[in-house]
Structure formats: structure tokens, C-alpha cells
Amino acid sequence: MKYYFNEIEAKWQKYWSENQTFKAENKSEKDKFYVLDMFPYPSGAGLHVGHPLGYIASDIYARYKRHKGFNVLHPQGFDSFGLPAEQYAIQTGQHPAKTTQENIKTYRRQLDQMGFSFDWSREVRTSDPSYYKWTQWIFIQLFNAYYCLDADKAKDISALTAIFEKHGNEKVNAVCDENTALFSAEEWNSFGPDQKELVLSQYRLTYLSETEVNWCPDLGTVLANDEIVNGVSERGGFPVVRKKMKQWSMRITAYAQRLLDGLNRIDWPQPLKDAQTNWIGRSEGAMVSFEIEGYAASIEVFTTRPDTIFGVSFMTLAPEHELVAKITTKEQKSDVDSYILSTSRRSERDRMADVKTISGVFTGAYAVHPFSGEKIPVWIGDYVLASYGTGAVMAVPCGDQRDFEFAKHFDLEIPNIFEGQDISEGACEDKGAVIANSDFINGLKVKDAIKKVIEALEKRGIGEGRINYRLRDAVFSRQRYWGEPFPVYYVNGLPKMIDKDYLPVTLPDVEKYLPTEDGKPPLGNATIWAWDTQTNKIVSNDLIDEQTVFPLELNTMPGWAGSSWYFNRYMDADNDNEFCGKEALDYWQDVDLYIGGSEHTTGHLLYSRFWQKFLFDRGHVPVDEYAKKLINQGMILGTSAFVYRKKGENTFISHGLIKDKDVQPIHVDVSLVNASNELDLEGFKDHALNKDFKDAAFVLEDRKYIVGREVEKMSKSKYNVVNPDDICRDYGADTLRMYEMFLGPLEQAKPWNTAGITGVHGFLKRLWKLFHNSGEFSVSEDAPGPEELKILHKTIKKVDEDIANFSFNTSVSSFMIAVNELTSLSCSKRGILEPLVVLISPYAPYIAEELWSKLGHKGSVSTVDYPVFEAKYVIESTKTYPISFNGKMRFTKELSLDLDKEAIEKAVMEDERTQQQMGGRSPKKVIVVPGKIVNIVG
RNA sequence: GCUCGGAUGGUGGAAUUGGUAGACACGUUGGACUUAAAAUCCAAUGAGCAGUAAUGUUCGUGCGGGUUCAAGUCCCGCUCCGAGUACCA
């Protein structure tokens with residue numbers, strides 16, 4: 001009887017769906033285990049074979065844990081707000097909700113086909129009003145909170161106003177804007193409501209501010225730093241410019257230190273932790289204030305090397321620094337203005353690419369050295385970034401290579417403040433140096449000098465020790481249509497939150513999805529988009545009267561809003577009264593295993609940790625790190641195929657004949673190429689992308705056209721996409737699952753190669769054949785013998801260990817060995833098949849279910865708690881090495897069920913003595929048990 | 001530049017963490033079945049040398065050293081490849 005995988009798979013999909021086999025309960029006697037995937041954005045192209053890799057791994061783990069007796073939560077959903085649906089809407093006028101709905105349908109079909117054990121009753125979609133209701137709610141919670149540094153946690157904003165009323169803000173130790181002014185209790189109490197609101201916004205964890213943002217004119221929107229790659233937009237590759245706009249921001253910087261500290265408590269990959277650590281970019285140093293000669297202003301700088309303060313010979317401001325206009329002298333004005341103009345014209349990308357060119361200009365102004373009182377010229381230069389620190393540096397050419405080069409270029413002084421260091425060729429950045437020519441810190445080492453300078457600065461009130469972070473507050477506004485609307489309306493230009501009871505504020509319909517002609521975001525096109533504070537309803541814009549009806553926010557939230565808390569929603573996805581019920585949260589707590597791509601390291605994975613910590617502070621969730629363990633699955637790459645067109649001719653040359661001919665490589669669809677790299681010429685002509693190709697000439701080798709190959713990212717534009725639908729049709733989902741695992745280590749990037757799939761498919765066929773010998777299912781009730789049990793338990797032990805270590809590739813090999821060995825014994829015994837089916841079911845659930853039911857079991861193997869994952873026989877691996885006299889070893893491997901324990905114990909006791917003996921003459925025989933080398937005498 | 005990975009047959013990759021290097025699979029070659037092909041099954045397959053053969057033997061985990069009875073694995077010094085990040089004061 002043939003292995004009819006298509007029928008089997010359809011049958012069990014139906015069964016699982018009808019019986020809700022994978023529905024998880026929020027109450028159980030069993031221990032909980034939460035396995036999470038990064039939910040997909042449902043794109044129009046559907047899934048390719050690369051997408052499900054992580055889902056297969058997590059599904060294997062989830063099914064394995066169910067067998068081990070855990071109550072497993074394994075949900076799935078869709079990150080369904082996003083730019084592609086919106087751009088499609090701009091082109092076609094089709095509502096993004098409709099496109100999204102259709103795409104989700106395709107995704108769902110593809111996911112079901114692959115046999116994932118998701119609990120779809122908990123599905124979430126970020127674009128669903130019943131979901132984004134709670135995204136809006138969390139936004140309001142952030143608005144109504146500030147970060148108290150004394151308690152080191154977020155608190156309700158009312159606690160802050162209470163302090164202001166009694167003591168003003170002088171003694172408040174909270175995270176706030178740099179330029180927050182001081183006020184007394186009397187002053188606060190005299191402020192009007194609008195002024196109070198402006199002050200509070202300097203403390204709120206989400207706030208409106210005029211910020212310099214990354215504006216992408218082609219996309220008509222603002223981008224976050226992690227959405228920009230090499231100075232152009234990640235999506236589309238359009239140029240990005242700096243622009244000032246009024247935007248919502250998230251005060252993630254308040255959590256910088258806790259985001260660092262939390263990394264020590266979670267089992268995430270080290271490279272990912274390193275990347276987040278670098279992104280947060282903590283550096284210790286000092287703030288120093290330099291007075292400007294002749295002005296009432298001073299320049300604040302941040303430095304990590306306050307010990308080098310006596311080596312300062314000039315200062316450099318970023319061209320965008322606010323003091324530049326104020327302090328530039330008349331004589332220098334035209335130079336400075338033209339320099340600022342030329343740097344602002346250069347895109348960020350040019351500035352980054354061109355690190356070598358040194359440019360700058362003198363402002364004409366002088367600062368005063370805080371200790372020596374000397375005059376220090378103030379320059380501007382584009383090597384100083386406005387967005388880091390204070391946008392100004394104290395330049396120490398002898399201690400910083402960039403300052404050194406700047407000084408050399410403009411012929412500025414380079415005083416040496418290091419004992420016995422030669423600085424004629426470059427700056428001395430060695431932190432073991434000893435300071436000289438530096439007044440009260442002469443003879444001190446760097447570390448001690450830093451301490452002493454900070455003390456002196458603080459004593460004189462002109463500076464202080466400071467920890468600075470590279471991390472910036474996150475801009476939270478997007479000028480897009482297809483995102484969460486803000487639950488915000490404006491009175492006198494000040495934001496007001498809509499009460500929880502009236503959420504969600506649902507996205508309005510618009511005629512056009514582009515920004516309005518006067519430059520407002522797409523929601524500016526909506527005609528029914530105003531808030532009536534009397535009825536608490538969305539009403540027509542015509543009714544705005546500035547008394548009771550007010551304009552609503554026109555921006556929407558960024559893509560990361562919905563994904564920053566979805567893992568909590570799965571625990572209680574249908575709750576209409578809370579974002580997630582307390583009971584569910586207390587039961588499920590956090591994610592035990594999270595699998596997803598490393599591209600989200602400094603985006604989603606940082607923002608979601610931030611929101612979780614906030615929700616924890618406010619008592620809404622029980623833990624402040626939401627994922628105990630995380631694994632980054634490696635990308636599956638495509639193997640692109642190329643044809644080579646002779647330049648200027650319609651002739652294609654086979655890969656082997658190119659040599660030094662002038663040819664242009666052109667991508668060709670991989671489905672037109674067979675396993676030996678031979679191109680289907682008729683197919684190529686029929687599916688030609690370019691009309692000319694229809695009558696192209698070919699230069700062949702061995703009567704074949706051989707294509708060139710290259711490994712690239714799998715993408716539609718590279719014609720190297722392999723569709724899982726095709727693989728499932730030809731080989732079945734079980735084969736696809738096992739093969740993707742077999743391809744190589746989970747965390748490693750690896751190219752897809754359909755040719756190798758026959759090996760795994762052949763294995764499943766052999767397994768099937770083993771128990772369908774005479775054409776129908778046949779299983780023997782005889783008890784298995786030691787040989788057969790040995791095969792089974794060896795496999796159990798190996799597979800169990802491999803799953804625990806996430807080495808799914810080697811466990812597939814173990815299955816193959818087992819089936820090969822059983823085949824050679826012609827073993828078809830129930831006592832072997834039954835546990836083997838359970839063992840194999842996480843990898844190949846469909847064939848396992850089918851065999852399980854043929855064994856006469858009711859219900860699904862997927863939900864069976866079965867002790868099969870504990871090997872009944874303890875198998876010790878022993879090796880015997882007879883040693884010849886020249887010291888070379890040979891040995892025979894022995895795997896035994898009936899080990900002579902006494903002999904081993906005795907040998908272990910002699911271990912020490914043996915080692916001594918081995919230093920001298922070689923023993924005749926050595927037994928190795930794991931971890932020990934022992935000698936057997938005789 | 002900095003940070004983190006990696007380098008093993010024709011290919012993807014194993015190697016119980018210091019103990020048979022090359023599991024398992026692809027590919028290749030030969031054979032069986034077949035009119036033939038596909039499918040299936042069996043055998044060989046790191047390289048070299050000797051032998052009709054069983055077998056013996058030498059070399060072999062990017063390069064150069066070192067530690068050890070024993071190194072793909074540990075230590076020191078390089079080379080090359082990949083990923084992330086970048087004027088961060």
C-alpha cells in the first residue's frame with residue numbers, strides 16, 4: 001500500500017480542526033509551557049519555504065512538551081497593520097482591511113496545511129478593533145505615568161502633581177526633558193491648566209514634542225532609526241532627511257538601565273544581547289559646562305574622559321547646535337552660514353560614507369577653561385553629531401584621534417598631557433597612561449584622575465558625573481493610514497485622552513490613502529473625525545466648535561505598537577473588559593520559549609521589553625521580562641539561477657563557456673532549472689520576461705544550457721522563491737517539516753535545495769512500508785526482543801537529548817538510522833511501533849496520527865501524554881580501546897543493555913591510578929565511560 | 001574601525017564537549033528488477049600507496065606554533081569568509 005500522504009494530511013487537518021485538538025485551557029493541574037512564534041505580517045506574496053522554519057521548530061517543541069505532560073500554550077496571530085497593504089490601497093483604492101483579510105486567509109491555509117498545532121481560538125490580529133482597543137489603552141497608561149528615579153519605576157502622574165503642589169519640582173528625582181525649568185510649589189499652583197499640562201508633558205512616558213525626525217518624502221512618513229538601513233529607508237530604499245515635526249514620543253530612555261540589567265536574567269542569544277547592549281550604548285563620564293566669553297550662555301559637553309580636561313585646546317559644536325547662531329561673530333558669520341548650508345545639503349548617508357574628509361569652521365567665539373581660565377576657540381564641525389550627548393565636545397587632540405586630526409587639519413594647538421607619550425603621529429587613547437601638565441591631577445592614572453576631576457567639577461558646580469546613553473526616545477507617530485489611531489483629541493492644541501469606556505477609537509474611512517494636499521497625514525482626508533465630549537462619540541468634522549467637539553489626532557501608531565504586547569493578549573484573547581485577565585496572567589506568567597528572526601533585535605524585541613517593564617511597574621503584568629528563552633532561527637536563503645546574455649546581443653551563453661566574454665547575468669526563475677542546473681529552454685522562451693528573449697539564440701555546452709548559481713536572500717524579485725504549497729503537494733507536509741529541520745542547525749543561515757528532499761521523503765516511505773508489508777497495515781503483537789528494544793531506546797535517548805538542545809537536525813538522522821535498522825531486522829512489532837510513533841509525531845504529525853489510529857487508538861497522538869520520552873533501559877555508551885605498543889589506538893564500540901556495573905565501578909575506582917600508569921607505559925586495554933578514562937587490567 | 005559568528009569529503013552537515021574524524025543525507029559509480037524508463041532494493045564512495053583478495057599502510061578538520069599518552073575540539077599568533085554596527089566624544 002502506497003504512502004498516500006495527501007489523503008492522510010487532509011484527513012487529520014479536518015480532525016484537528018473539528019475536535020479543537022490544540023485548544024489550551026487557562027486552568028490545569030499540569031505545569032504550563034508557553035511556546036511563542038513571532039507572528040507574521042500577512043503579505044500578498046504568501047509564505048515561501050523560508051518563513052515556516054521557526055514555526056516548525058517551535059511546533060516540534062510544543063508537541064514534545066505536550067507529550068511530556070505540560071499544558072502547552074502555542075498560539076498564532078497576525079501583525080496585520082503595515083505599509084504594504086496601505087501602498088496597495090494607494091495604487092488600487094482597495095481598503096487595506098480587505099487586502100489584509102484576503103492575505104490572512106492565504107496564510108491561514110498555508111499554515112494549516114503544514115500541520116502546526118496552533119490554538120487558533122486565541123488568534124489575535126493587531127488591526128482588529130477589539131485588539132487595538134487595548135493598544136490604545138496601554139498608550140493612555142503611558143501618558144498617565146512618569147518615571148520616578150527614587151523608586152526606580154513608573155508611577156501614576158497624579159503622584160507627581162501631588163509633589164508639585166507641595167514642593168515644586170526642585171527635589172523631584174524623575175526622568176524628564178533636558179530643558180525642564182525649575183519651579184516652586186507657589187509657582188506651580190499659580191499655573192493655569194494649559195501651562196500645567198505643558199510641564200507635565202516633560203515628564204510623561206509618552207509626550208508630544210517638536211523633534212527632529214527621519215522624514216522620508218517618498219513614503220510620506222517618519223521612520224524610526226531601526227527602519228533606516230545605510231541612510232535609506234529599509235522598505236523601498238528611499239532617501240531620508242532630517243526634519244522637525246510635532247510628534248508623539250515614548251520615553252524609552254527612562255528604562256535604558258533596566259533594559260540593560262534585564263538582559264542578565266534572560267536566556268537569549270549572546271549576539272542579540274550584545275546588539276541590544278550596543279544599541280542602548282551606556283557610557284560613563286561627566287557633564288562639563290564651559291562659559292562663553294562675552295555671553296551669558298555656556299556650552300555643555302559630555303565627555304568620557306574628564307581626566308583630559310587640561311588637554312582641551314578648542315571646542316567643537318555640531319552645525320545644528322542652537323548656540324551657533326548666537327555666538328558666531330560678525331566676521332565669521334558668512335563662513336559659518338555657508339558651512340551650515342553645505343552640511344545640511346549633504347544627506348546623512350553622504351556624511352556617514354565620507355568619514356575621511358575633515359571639515360569645520362571657526363565661529364569667532366571663545367570659551368573659558370573652567371580650571372585654567374584660558375581662552376579656547378569654539379569651532380563647528382560635522383564630525384560632532386547633534387543627536388548624541390549635548391551636540392558639543394571639548395576637543396582634546398592629544399587624547400582623541402578625531403580631535404587630533406581636526407587639530408592637524410586646521411593647525412590648532414596640540415598640548416600633551418600624558419607622561420612620556422609621543423603624540424606627534426596620533427592621539428594617545430591608552431587608558432593606562434599617567435596624566436601630566438594638568439594642575440591638581442598630575443601623576444595620577446586615568447581612573448583616579450577621572451574621579452578627582454568629577455569631584456572638583458561638582459564642588460564648583462560646573463559639572464557632574466553622568467551616565468549617558470546612546471538610546472534615543474522612540475518617535476511614536478506615523479503619517480500613515482493603516483495603523484492604530486491615537487485615542488487623542490486636541491483642546492487648544494493640547495492633547496486629551498479619550499476615556500477607557502469609549503475605546504476603541506476606530507479607524508475612519510477615507511477616500512484617499514495619501515497625505516492631504518496641505519501636507520497632513522492621510523487621516524486628514526477623513527470627514528468624520530472629530531470627538532464630541534458630550535456624547536463621547538466620533539462625529540463629523542463640520543461639528544467642530546472648540547467648545548464640546550474637538551479635532552482628533554491625525555497620526556497613527558507605528559508598526560511596533562501592536563507587537564509590543566501581543567504575547568500577553570494570547571493568554572486571554574477574548575477578554576473585552578481587560579487587556580488580559582489577571583487569572584490568565586498569573587497562570588501563564590511569561591513565554592517559556594520564543595522563536596523568531598534576529599532582524600527584530602533593536603526594534604520589536606527592545607520595544608516589547610520596554611512596554612512589558614512599564615506594564616509590570618503599573619501592576620498590570622506579573623513579570624518584567626516576558627520571554628525566558630529566545631532562539632533566533634537562521635534564514636533560509638534562495639539559490640538563484642542566472643543566464644548570461646552577451647552584451648548588446650540577444651545571445652545567451654552557457655555558464656561553462658563564458659570565460660572572459662563580456663556578459664550580463666540575468667536572474668531566471670528557479671522553477672525552469674532542474675537539479676543538474678540545466679535550463680528548460682522552451683519554458684524560458686514561453687515565460688520570457690522580456691519579449692526579445694522569445695527568439696533569443698543560445699550557445700550550448702553538451703547540448704545543454706547550464707545556468708550559474710548564487711545564494712541570495714529568497715525574494716520574488718530574484719525569482720528564487722520556492723513555494724511550500726508545491727512541496728506539500730509533491731512530498732507532503734511531514735516531509736517538508738522534517739527536511740527543513742534536517743537542512744542544518746536551526747540558528748544557522750542556509751540555502752534551500754529541493755534536490756535533497758528525496759532523502760527525508762524516502763525515510764517516511766520506508767517507515768510506512770515497514771508496517772504495510774503485504775499491502776495492508778500489519779503489526780505483530782509479539783513482544784520485542786533486546787535487539788529491537790536497543791534500537792528503540794537508543795533513539796529515544798538521542799532524540800530526547802537533541803530536542804532539549806534544539807538540535808533538530810541530528811534527531812532527524814537518528815530516526816533514519818532507527819528505521820533503517822528496524823527494516824534490516826524486518827521488525828513490525830506493536831511494542832516498537834507504538835512508542836516510535838509518539839516519538840516521531842512532533843516531526844511528522846500526519847503519518848504519526850495515521851499509524852496511531854491504525855493501531856486502534858481513539859483520539860489524537862498529538863495530545864497523548866506518553867512516557868516514551870523516558871528511556872526504559874538506561875543505556876550507557878562504553879568504548880573499549882585495545883592499545884598497541886606504539887601508542888596508537890583501535891577500539892570496538894559496544895552498546896550494551898546488560899552492562900557489568902560492578903566491573904565499571906571497580907574500574908572507575910582505579911581511575912586515578914590508571915592515569916598515573918598511562919604517563920609511563922601504555923596499558924593494553926582502556927574502557928572509556930562518559931567523562932572518565934579507566935583501565936581494565938588484563 | 002569595532003562587536004559577534006564561522007572555516008571539516010564533490011555538497012549540506014555529524015562528532016557523546018579532549019578519546020574510531022567524516023554519522024545521516026544529497027550527489028556520483030556499479031549491480032538487481034524491467035522490453036524500457038520511473039520507482040524500489042543492494043553495494044562502493046576523503047585522498048594516496050602496496051596487494052588478485054581479505055587486508056596493510058601513509059596523509060588528512062583554513063595556515064603556523066604550543067599543551068597532552070591523545071587535539072576538529074584547549075592555549076598563542078595569523079589568513080580568509082559571513083552578520084551586525086559605525087565620526088557615540
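No hydrogens, no waters, no symmetry mates; every other heavy atom, side chains included, goes into these values. Please read all numbers here as calculations on a predicted model, not as lab measurements. Proteins get letters first, then strands, A, B, ... in listed order; numbering begins at 1 in each.
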- Message: Suppose you measure atom C1' in B:rA21 against the same atom in B:rU61; what distance do you get, rounded to whole Å?
- Response: 8 Å
When rounded to the nearest Å, what value does the distance between C1' atoms of B:rG72 and B:rA7 take? 11 Å
Taking B:rU40, B:rA89, B:rC87 as options, the one with an atom nearest any side-chain atom of A:Lys769 is B:rU40
Exactly one candidate in A:Arg709, A:Lys713, A:Glu712, A:Lys718 meets side-chain hydrogen bond (donor to acceptor under 3.5 Å, both in side chains) with A:Ser640; the answer is A:Glu712
- Tell me whether the OP1 or OP2 atom of B:rC88 has a side-chain N or O from A:Arg402 closer than 4.0 Å. yes
Which of B:rA23, B:rA89, B:rA25 is nearest the side chain of A:Leu385? It is B:rA89
Could you work out the separation of B:rU3 and B:rU8 based on their P atoms and round it to a whole Å?
-> 25 Å
task = For B:rC2 versus B:rC26, give the span between their P atoms, rounded off to a whole number of Å.
result = 45 Å
query: Considering only the P atoms, how many Å lie between B:rC87 and B:rG1, rounded to the nearest integer?
result: 16 Å
With sequence neighbours left out, the residues meeting side chain to side chain donor-acceptor pair (under 3.5 Å) with A:Asn809 are none
Of A:Met394 and A:Tyr739, the one whose nearest nucleotide on RNA chain B sits closer to the 5' end is A:Tyr739
Atom CG of A:Leu272 and atom P of B:rU85 are separated, to the nearest Å, by 12 Å
Here the distance between atom P of B:rC24 and atom CD1 of A:Ile817, to the nearest Å, is 6 Å
Which of B:rA89, B:rC4, B:rC24 is nearest the side chain of A:Ser283? It is B:rA89
Checklist entry - Looking only at atom P, what distance separates B:rA86 and B:rC80, rounded to whole Å? => result 25 Å
inquiry  = I'd like to know whether the aromatic ring centres of A:Trp279 and A:Tyr469 sit less than 6.0 Å apart in this structure.
reply    = no
Sorted by chain and number, sequence neighbours left out, salt bridge (Lys or Arg N to Asp or Glu O under 4.0 Å) with A:Asp802 holds for A:Lys798
Winner on side-chain proximity to A:Thr758, out of B:rC41, B:rC26, B:rC88, is B:rC26
Are there over 12 heavy-atom neighbours, none belonging to A:Met635, within less than 6.0 Å of that residue's CE? no
Counting any heavy atom closer than 4.0 Å, what does A:Asp403 reach on the DNA or RNA strands: base, sugar-phosphate only, or nothing? nothing
Practice item. Would you check if the side chain of A:Asn632 reaches a backbone N or O of A:Gly596 as a donor-acceptor pair within less than 3.5 Å? Key: yes
Base orientation of B:rU17, chi within 90° of 0 counted as syn, else anti, reads syn
Per nearest nucleotide of RNA chain B, the residue lying toward the 5' end, A:Gly762 or A:Ala275, is A:Gly762
Whole-Å distance, A:Leu471 CG to B:rA86 P, equals 13 Å
(message) Quick check: A:Tyr739 with A:Trp752 (ring centres under 6.0 Å apart)?
(response) yes
Quick tally for nucleotides 8-15 of chain B: nucleotides whose base has a protein heavy atom under 4.0 Å get B, sugar-phosphate-only ones S, the rest -, giving ----BSS-
Measuring only the P atom in each nucleotide, how far is B:rC63 from B:rG9? A whole number of Å is fine. 10 Å
Any side-chain N or O of A:Asn278 under 4.0 Å from OP1/OP2 of B:rC4? no
Heavy-atom side-chain contact between A:Tyr383 and A:Val393 under 4.5 Å | yes
Separation of B:rG84 atom C1' from A:Met635 atom CE, nearest Å, is 12 Å
P atoms of B:rU73 and B:rA15, separation to the nearest Å: 15 Å
A:His321 atom NE2 is separated from B:rA89 atom C1', nearest whole Å, by 13 Å
A:Asp403 meets the salt bridge (Lys or Arg N to Asp or Glu O under 4.0 Å) criterion, sequence neighbours left out, with none
| said: Taking the ring centre of each residue, are A:Phe406 and A:Trp379 less than 6.0 Å apart? | reply: yes
message = With a 4.0 Å cut-off on N to O distance, would you call A:Glu284 and A:Arg466 a salt bridge?
response = no
Counting just side-chain N and O atoms, does A:Lys765 come under 4.0 Å of either OP1 or OP2 of B:rU40?
yes
A:Arg766 has its side chain closest, among B:rA25, B:rA23, B:rU3, to B:rA25
When rounded to whole Å, the CG to P distance for the pair A:Leu637 and B:rA83 reads 10 Å
Whole-Å distance, A:Lys273 NZ to B:rG5 C1', equals 17 Å
Regarding B:rG9, purine or pyrimidine glycosidic angle vs 90° from 0 gives syn
Which part of the nucleic acid does A:Arg282 contact within heavy-atom distance under 4.0 Å: base, sugar-phosphate only, or nothing?
nothing
note: A:Asn468, atom CG; B:rA89, atom P; distance rounded to Å ~ 8 Å
Under the rule of Watson-Crick or G-U wobble with both distances under 3.5 Å, where | means paired to another strand and [ ] a crossing pair, RNA chain B maps to (((((((..(((......[....)))((((((.......))))))(((((....)))))..(((((..]....))))))))))))....
Residues passing the side chain to side chain donor-acceptor pair (under 3.5 Å) test with A:Glu425, sequence neighbours excluded, are none
